[in-house]
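All figures in this text were calculated on a predicted structure; none of them were measured in a lab. Sequence positions, counted from 1, serve as the residue numbers for this chain.
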Amino acid sequence: MNSAQPRTQGAIAGIHDGMELGEFLRWGRDLHHQGRYEDAARAFELILGVDADNQEALIGRNRAVRRSVPRWHWEMLHDEERAELYDRAIRQAVAAAPDALVLDIGAGSGLLAMMAARAGAREVVACEGQPSVAETAARVVRVAGYDDAVGVVSKMSTRMTVPGDLPRRAGLLVTEIVDCGLLGEGILGTIAHAREHLLTPDATIMPSRGRILAQLIESEPLHRKNHVGKLYGFDLAPFNRLSTLEYFDSRLHRHEHRALSEPMTVFEFDFYTADARPQRTELTVRPTAAGKMHAIAFWFEMELLPGIVVDNAPGHDSHWKQAIQCLPVPLHVQPDLPVSLVAAHDGECVRFEVESEEVVA
């Protein structure tokens with residue numbers, strides 16, 4: 001069997017005709033090893049279609065799905081505060097316009113789309129670009145009994161059209177395509193595209209606004225998560241060429257740290273007008289204490305509707321962690337010497353540069 005060739009319903013017929021399951025299992029494993037995880041999952045699905053208890057196929061499919069479906073989905077679904085705030089905002093928005101078509105972008109499990117239907121929305125389109133997630137969301141919606149109101153489209157929203165995928169332009173957009181640094185899942189470009197192609201001119205956009213806040217941090221443990229030096233009698237510093245230049249996520253309160261400045265607003269976004277064009281801003285930060293600046297921690301506040309705000313500030317019990325950007329070399333700071341920062345984003349990722357020549361090893 002040629003692993004490069006796509007399979008169709010004929011493959012299922014082949015299994016029924018007595019073709020060896022082992023050949024299909026090898027095909028699925030080959031696809032997985034090639035990094036074609038969606039194709040691998042479909043290959044194992046063929047086997048499960050005729051042998052639902054085949055353990056090799058069950059494990060193979062799960063391994064393939066695990067490669068393309070992030071683990072944070074489960075933690076996110078258990079984030080009760082996030083769910084309650086979205087539910088309250090959705091109820092308020094749907095009550096104001098019950099006849100509006102609702103578009104949920106990045107639907108995941110379909111939770112927000114079902115919240116809209118439960119709130120009284122008559123027609124909801126849930127858009128999910130990851131095929132395995134989209135297929136599962138459709139099952140979740142069906143089991144919950146909302147498939148009469150909620151339709152799932154397995155496609156990136158930026159490839160959707162009206163009336164091809166939406167019967168008409170949507171009057172309410174609900175989305176949560178944000179990472180710990182707000183922009184990392186492409187919310188700016190996605191909403192800008194939706195405004196132009198998928199939404200009515202007076203559509204309600206949820207979230208409506210967002211801002212990014214940052215703080216100077218002293219934390220040797222955080223710095224060690226991204227840098228190495230002399231250890232065990234060897235100089236391992238050359239390995240730092242592979243360290244993260246931008247940010248990684250971490251829960252600040254789980255690492256010994258000290259704040260060296262007050263939080264400051266870095267960027268603000270109005271999602272009714274914002275686009276993904278790069279931005280750059282210069283900041284002057286006056287440290288509140290002397291110390292070694294190892295990193296900049298940043299997070300977001302996201303206004304769903306006026307008065308309803310979701311955030312991932314340090315210490316907040318949120319499934320989102322904080323964004324951490326470590327300095328290549330720590331910087332000594334003190335209250336009488338302001339620190340000059342440049343913050344920039346390319347539409348998807350925020351990055352900081354420190355404009356100072358004074359460093360400490």
Side-chain angles (χ1 to χ4, degrees), residues 1-79 83 104-115 117 124-160 164-165 176-177 179 184-186 249 319:
M1 182 177 293
N2 184 350
S3 64
Q5 293 178 349
R7 300 291 158 173
T8 64
Q9 292 299 317
I12 299 178
I15 297 177
H16 280 297
D17 291 340
M19 197 175 287
E20 289 189 8
L21 290 180
E23 190 175 2
F24 281 84
L25 288 168
R26 285 192 297 274
W27 172 47
R29 289 193 294 268
D30 285 347
L31 290 169
H32 189 282
H33 293 152
Q34 293 169 27
R36 296 168 57 183
Y37 304 119
E38 286 292 337
D39 290 337
R42 284 192 286 270
F44 291 118
E45 284 281 359
L46 290 176
I47 297 171
L48 293 171
V50 295
D51 183 6
D53 296 323
N54 187 290
Q55 288 300 302
E56 277 197 74
L58 285 168
I59 294 299
R61 179 185 62 180
N62 188 255
R63 287 176 179 173
V65 168
R66 291 272 48 79
R67 290 285 191 165
S68 52
V69 181
R71 290 290 311 165
W72 49 252
H73 276 281
W74 283 264
E75 189 175 1
M76 177 181 67
L77 289 170
H78 284 284
D79 188 337
D104 176 9
I105 292 180
S109 67
L111 177 63
L112 301 186
M114 291 188 296
M115 284 179 173
V124 184
V125 174
C127 164
E128 171 55 52
Q130 212 287 331
S132 296
V133 176
E135 178 187 355
T136 303
R139 295 185 185 185
V140 170
V141 169
R142 184 170 60 253
V143 169
Y146 284 103
D147 51 331
D148 59 336
V150 179
V152 179
V153 175
S154 181
K155 184 180 288 188
M156 298 293 289
S157 68
T158 50
R159 298 181 62 189
M160 293 178 70
D165 301 295
E176 194 214 45
I177 48 171
D179 72 339
E185 293 188 14
D249 66 339
H319 79 278

J.: So which heavy atom on S132 is nearest to which on V65, and how close?
T.: OG-CG2, 4.2 Å
J.: Whether the side chain of R66 engages the backbone of V69 through a donor-acceptor N/O pair (distance < 3.5 Å, no angle test) should be reported.
T.: yes
J.: Looking at CD of E38 and OG of S68, how far apart are the two atoms once the value is rounded to the nearest 0.5 Å?
T.: 4.5 Å
J.: Please find the pair of heavy atoms, one from A113 and one from V124, that lie closest to each other, and give the distance.
T.: CB-CG1, 3.7 Å
J.: Measuring from atom CZ of R26 to atom NE2 of H33, what distance do you get when rounded to the nearest 0.5 angstrom?
T.: 13.5 Å
J.: To the nearest 0.5 angstrom, please state how far the CH2 atom of W72 sits from the CG atom of L77.
T.: 9.0 Å
J.: What closest approach, in Å, do D104 and L112 show between heavy atoms, and which atom pair accounts for it?
T.: OD2-CB, 3.8 Å
J.: Mark yes or no for whether D39, through its side chain, and L31, through its backbone, hold a donor-acceptor pair below 3.5 Å.
T.: no
J.: How far does CZ of R61 sit from CG of L46, to the nearest 0.5 angstrom?
T.: 11.5 Å
J.: Got a second to check how far L48's CG is from Q55's CD, nearest 0.5 Å?
T.: 9.5 Å
J.: Between D165 and V125, what is the shortest heavy-atom contact and its length?
T.: O-CG1, 4.4 Å
J.: I need the minimum non-hydrogen distance between R29 and E56, along with the two atoms involved.
T.: NH1-OE1, 3.0 Å
J.: What I'd like to find out is whether the side chain of E135 reaches to under 4.5 Å of the side chain of S154, using heavy atoms alone.
T.: no
